[in-house]
Amino acid sequence: MAEKKAQPLDPDAELMLRVGAGDEAAFIELFKRHAPALVGFADRFFHNRAIAEELVQEIFIKLYRARRSYRRRSKFTTWLYTIATRTCLNELRRGVHRHDRKSLDEALFADTRQAAAAADRALEGHELATRVDGVLAGLPEKQRVAFILVRFGGRSYPEASQILGVTPAALKSLVFRSTDALRRELYEE
Amino acid sequence: MSFESCEKIRREIVAYIDDQLDPDLRAEVEVHLAGCQACRLRLDELEKTVARVDDLPLAIPAPDLLQRFEERLEHERKGIIGEFLIWLLRPRMLLGASLAACLLVVLFLVVRPGGAPVSDASELAIAGHMDLFSDYEAIENLDVLEDLEFIESIDVDT
């Protein structure tokens with residue numbers, strides 16, 4: 001008789017199952033592991049670190065409330081980024097936030113106060129970020145979210161397709177169209 | 001190289017850059033690129049585009065984010081205890097509790113320890129209608145019930 005294939009271990013999923021069993025320290029560990037990246041991810045929607053931090057806390061509170069119903073049907077990060085994407089989109093659709101680039105300035109200038117060369121890089125980065133945001137703002141929502149998930153969220157194509165609820169072929173097309181739109185902005189003027 | 005084959009290959013170039021193509025398609029793209037200067041130029045532009053975006057810094061969380069979150073989590077825990085009590089006082093729960101109380105009263109009256117069985121019909125009638133004394137209206141109007149419905153509506157199993 002063929003042996004049953006062992007399911008690959010997902011350390012984060014194991015932690016979340018422990019949270020469901022009452023292990024509060026495991027939940028804090030999950031926050032420490034994923035909150036920084038999620039702040040960067042959420043910030044791409046709003047360009048305001050304070051809003052991104054508020055949303056990340058809200059996302060983890062949702063995880064906490066759902067801790068007993070977590071069943072590890074998918075990779076933990078797929079579940080996490082699905083909730084994160086929906087939360088960010090819901091907040092975006094409320095339309096009350098102004099994009100003010102505060103977080104980008106903080107990130108770019110945190111290490112560049114003393115070096116003029118670094119300041120030039122920061123300025124170039126600021127200009128590039130502005131152009132990237134301009135292109136993304138003009139894209140259909142799914143293309144924009146696919147781009148953010150893959151480029152800034154670090155999600156693989158299979159995972160991003162699950163998060164967005166589209167086929168892998170559709171996800172590939174979304175990423176291509178959004179990236180090519182940016183290419184045209186940067187190299188076809 | 002035909003226009004159609006170039007268009008087909010160019011749609012795969014970003015996935016090729018991201019190493020997200022299956023081996024057969026990857027090989028097909030590489031064969032095409034080896035013989036098509038126009039597509040190699042497109043590859044170059046897209047690689048630079050991806051590299052420049054990947055170099056953009058992401059927002060760095062404030063140093064006190066963890067502390068703020070732990071405070072918020074503590075508040076959430078205290079809130080959950082209150083919500084559990086509210087859940088316990090829902091009308092359905094009250095009805096269930098009332099019926100259970102009725103049963104206990106009836107059992108106590110019928111099988112009173114050390115005493116004669118109850119024969120007073122009026123006592124039994126009162127015990128059988130204890131639910132009529134429950135006040136549902138005050139519970140139904142509590143705003144916190146909306147929060148419970150919201151919590152229950154979160155679809156988190158994907």
Side-chain angles (χ1 to χ4, degrees), chain A residues 24 27-28 31-32 35-37 39-44 47-50 52-53 56-57 60-66 69-71 73-74 78-79 82-83 86 103-104 106-108 110 125 128-129 132 147 150-152 156-158 162-163 165 172-173 175-176 179-180 182-183 186-188, chain B residues 7-22 25 29 41-77 79-80 83-84 147-148 150-158:
Chain A
E24 302 280 340
F27 189 62
I28 296 301
F31 185 87
K32 286 178 183 174
V39 167
F41 171 76
D43 181 66
R44 298 315 306 182
H47 309 294
N48 185 304
R49 190 183 73 180
E53 289 179 350
V56 166
Q57 292 183 72
F60 273 87
I61 291 296
K62 286 181 181 179
L63 258 64
Y64 185 74
R65 289 174 179 172
S69 63
Y70 178 69
R71 293 290 178 268
R73 291 194 185 94
S74 59
T78 305
W79 186 56
T82 301
I83 295 171
R86 288 180 189 176
S103 53
L104 178 63
E106 285 162 354
L108 286 171
L128 174 61
V132 169
F147 186 90
V150 170
R151 294 270 82 85
F152 300 114
S156 67
Y157 283 29
Q162 280 186 279
I163 292 166
K172 189 168 63 174
S173 176
V175 173
F176 164 70
T179 309
D180 201 50
L182 188 55
R183 178 196 63 82
L186 297 177
Y187 295 104
E188 284 188 3
Chain B
E7 280 304 300
K8 181 194 167 194
I9 292 299
R10 286 177 189 186
R11 283 195 294 272
E12 306 294 340
I13 287 180
V14 177
Y16 172 78
I17 293 168
D18 289 336
D19 198 21
Q20 297 288 319
L21 294 181
D22 63 52
L25 188 47
V29 169
L41 177 60
R42 184 59 57 88
L43 169 67
D44 184 60
E45 289 178 348
L46 283 166
E47 279 180 327
K48 285 175 181 168
T49 301
V50 168
R52 289 176 76 181
V53 170
D54 287 350
D55 278 346
L56 284 175
L58 292 176
I60 301 165
D64 66 341
L65 177 61
L66 176 60
Q67 180 191 340
R68 283 186 280 131
F69 177 67
E70 284 178 321
E71 289 167 5
R72 184 164 173 175
L73 189 61
E74 184 59 28
H75 182 76
E76 172 71 16
R77 286 191 199 110
I80 283 176
E83 284 166 6
F84 174 72
D147 289 336
L148 286 178
F150 165 74
I151 291 167
E152 288 169 359
S153 71
I154 291 176
D155 179 21
V156 292
D157 283 333
T158 58

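Sequence lines set the chain letters: A, B, ... in the order given, protein chains first and strands last, and positions in each chain run from 1.
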- Message: Between Q57(A) and R72(B) (side chain of the first, backbone of the second, donor and acceptor by atom type, cut-off under 3.5 Å), is there such a pair?
- Response: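 Checked: no pair found.
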
- Query: Would you find a donor on one side and an acceptor on the other, under 3.5 Å apart, between the side chain of R49(A) and the backbone of I60(B)?
  - Reply: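 The answer is yes, because a donor-acceptor pair under 3.5 Å joins these two groups.
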
Closest approach of [X] and [Y], non-hydrogen atoms and distance?
X       : Y      : value
P158(A) : Q20(B) : CD-OE1, 3.5 Å
A35(A)  : L65(B) : CB-CD2, 4.5 Å
P36(A)  : P61(B) : CA-CG, 3.7 Å
R44(A)  : P57(B) : NH1-O, 4.3 Å

Answer yes or no: is there a side-chain heavy-atom contact under 4.5 Å between [X] and [Y]?
X       : Y      : value
Y187(A) : D44(B) : no
V132(A) : V53(B) : yes
I61(A)  : F69(B) : yes
L73(B)  : I28(A) : yes

- Segment of V150(A) engaging chain B (4.5 angstrom heavy-atom cut-off):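 For V150(A), the side chain is the part near chain B, not the backbone.
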
- Item | Region of F31(A) that comes under 4.5 Å of a non-hydrogen atom in chain B |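 Side chain only.
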
- Working for side-chain contact (heavy atoms from CB on, under 4.5 Å), residues V50(B) and L182(A): CA-CA 9 Å; V50(B) 168; L182(A) 188 55; over 6 Å; no

- Message: Run the side-chain contact (heavy atoms from CB on, under 4.5 Å) test on K172(A) and R11(B) for me, step by step, so that the C-alpha distance in whole Å, both residues' side-chain angles and the decisive distance to 0.1 Å come before the verdict.
- Response: CA-CA 9 Å; K172(A) 189 168 63 174; R11(B) 283 195 294 272; over 6 Å; no

Supply the atom-to-atom distance [X] [atom1] to [Y] [atom2], rounded to the nearest 0.5 angstrom.
X      : Y       : atom1 : atom2 : value
L46(B) : T179(A) : CG    : OG1   : 7.0 Å
T49(B) : R183(A) : OG1   : CZ    : 7.0 Å
I13(B) : F176(A) : CD1   : CZ    : 7.5 Å
R65(A) : E76(B)  : CZ    : CD    : 4.0 Å

- Using non-hydrogen atoms only, which part of L21(B) is less than 4.5 Å away from chain A: side chain, backbone, both, or neither?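 Looking at L21(B), just its side chain touches chain A.
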
- Query: With a 4.0 Å cut-off, would you call R151(A) and D18(B) a salt bridge?
  - Reply: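 D18(B) and R151(A): salt-bridged.
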
- Message: Run the side-chain contact (heavy atoms from CB on, under 4.5 Å) test on V14(B) and D180(A) for me, step by step, so that the C-alpha distance in whole Å, both residues' side-chain angles and the decisive distance to 0.1 Å come before the verdict.
- Response: CA-CA 8 Å; V14(B) 177; D180(A) 201 50; 5.8 Å; no

- Heavy-atom pairs under 4.5 Å with chain A, option from R52(B), R10(B), E12(B), E70(B) with the top count: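 It is R52(B).
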
